[in-house]
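To keep things clear, I will list the structure first and then write my remarks on it.
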Amino acid sequence: MKISKYLQIIQEKNGSLCFNSLMGNLFFLEPLYMNTLKSFHSPRELTEKEKESSIVSELIEAHYLIKNDLEERNILKKRNKKWIKSVVGGRRVFLLNLIVSEICNIACPHCLHKCSVNTNLSHGNKKLMDWPTAEESINLFTNLMAKWKRKDYTVSFGSAEPLINWRVLKKSVIYLKKINPDIKITINTNLLLIDNEKAKFFKENNVYLSTSLDGPKKGNDLIRIYANKKGTYGDILNKFKLLAKIGYPLDGFSITINDKNFNYVDANFIKWASNQGFKGIATDIDLINTLNSSRSVDDYVDKLMELRKACLESGMENFGSWTTAYHNLVNGCEDNMPTFCKAAKGNNVSINPEGNIFICGHTNTLLGNIKYFEKTFYPKSPYCDLIEKRLPGNNQNCFSCYIEGICAGQCQITREAAKRTKNKRDLFLCNFYRAATFKLFKEKLRAELINN
Ligand code: SF4
Ligand code: SF4
């Protein structure tokens, strides 16, 4: 037996957190376990006593100790092959992202969608979806759900600003509710086009709204701006009030941080959000732009840790793609396939105004068109190939990274944009994810030590 080359140890004096880079399996190890593990620093046979030892069998089960000739990557390859078979036919899909609009009413320089789509022509020229395309997309998707007997599916309207195409958006929601009254519908909107009538419509149809506010006025108004550079803070707050007034308040919002609003987004702002009654805040840094993001990895990690601490102290949840690897390891995933997002494992299908198909609303890797929807999910199709390449253990970009099996290849649009623009944002973000995950582990280890 030998110690796995993928074993990772985060150590403090009275205990260590260990996991396997490929397999996951996070455990807190007391010194007795650590000493047993260290006794295998040179490969050796188990003694008769060790063959009966529960400590040794737990270390083997966790893939910390492995047989000398075991190639652990082969285990993931086998798992991934099985997974990709289940992606064929769209069997894993449970979310449709309908891009009813590829244009926006404001002009944030850090816009993910605009920056991503602009690096490639795959989204085409049509900027607003017409009703026949929306209707056909909904029919194709709901038929797919019926084929696989799925009832728990979601339709999400997002990407640029869906409310710009109100007529098609409203018609789609009504149509979807007719097909399945229990359907989950979500809209990602900047809120600025919402009025009383639209707000009431969302409430009546139980449409979940998610939105962004990039800090207090001084911070938000530096980056979340209209085309004339005017800030949106006051207008967004008025929409918060409008929704609260009709009895449909938002439960949270997202914050994107870059160099410009960095100093304004702090624990006081989080406290303000908590006092307003918000229940959760998503925090993230820019996933693709290098514009206004020249601070160091450590600056950003410390900032996000500060905001996370403030959220938790205020009794709010804190989310963000930067915590993905940590959550994959600590909480695991129901389907045992830890990826950066659900799109990367074949749970999503996204359709734009041209009827073009992508794994999510922001990526620009073209995977098909509704004219040949079924073909999209054929074996070896561009859709299946992309998912297969991205599965943890298959992604060559990630070999030898200490969080390979749990980070699983970062956001697809980061990779696409970095490749096209050569802005190296992918490399910055890899360092950022590794550092952030390490800090989160350290925090967890300290908590475990206190508990013990
Ligand atoms: S941090 Fe980068 S190299 Fe490491 S697993 Fe994530 S995407 Fe891959
Ligand atoms: S690839 Fe995944 S993480 Fe990236 S924008 Fe799409 S859904 Fe979000």
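Note that ligands are numbered from 1 as they come in the structure, with each ligand's atoms numbered from 1 the same way. Atoms considered below: every heavy atom in the structure, side chains included; atoms not considered: hydrogens, waters and symmetry mates.
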Within 45° cone and under 6.0 Å: [X] NZ/CZ vs [Y] ring:
X	Y	answer
R73	F399	yes
K444	Y326	no
R92	W83	yes
R434	Y402	no

Less than 3.5 Å apart, which donor and acceptor atoms pair up between the side chains of residues 165-173 and the rest of the protein, not counting sequence neighbours?
{"from": "N165", "atom 1": "ND2", "to": "V100", "atom 2": "O", "distance (Å)": "2.8"}
{"from": "N165", "atom 1": "ND2", "to": "M129", "atom 2": "O", "distance (Å)": "2.9"}
{"from": "S172", "atom 1": "OG", "to": "V168", "atom 2": "O", "distance (Å)": "2.6"}

Sub-2.8 Å protein N, O or S atoms surrounding atom 4 (Fe) of ligand 1
C401 SG
Pairing of [X] and [Y] as salt bridge, 4.0 angstrom limit:
X	Y	answer
D251	K279	no
K442	E12	yes
K439	E443	no

Taking atom 2 (Fe) of ligand 2 as the center, what protein N, O or S atoms are found at less than 2.8 Å?
C341 SG
Is any heavy atom of the protein nearer than 4.0 Å to atom 3 (S) of ligand 2?
yes
What about F373 and F141, are their ring centers closer than 6.0 Å?
no
Less than 4.0 Å is my threshold; does some heavy atom of Q396 fall inside it relative to ligand 1?
no
Taking side chain as C-beta onward, heavy atoms only, is E102 less than 4.5 Å from V117?
yes
So if I count the atoms of ligand 1 from 1 in the order they appear, which ones are less than 4.0 Å from some heavy atom of R415?
7 (S)
Identify, with sequence neighbours excluded, every residue that meets side-chain contact (heavy atoms from CB on, under 4.5 Å) alongside K380.
D385, E388
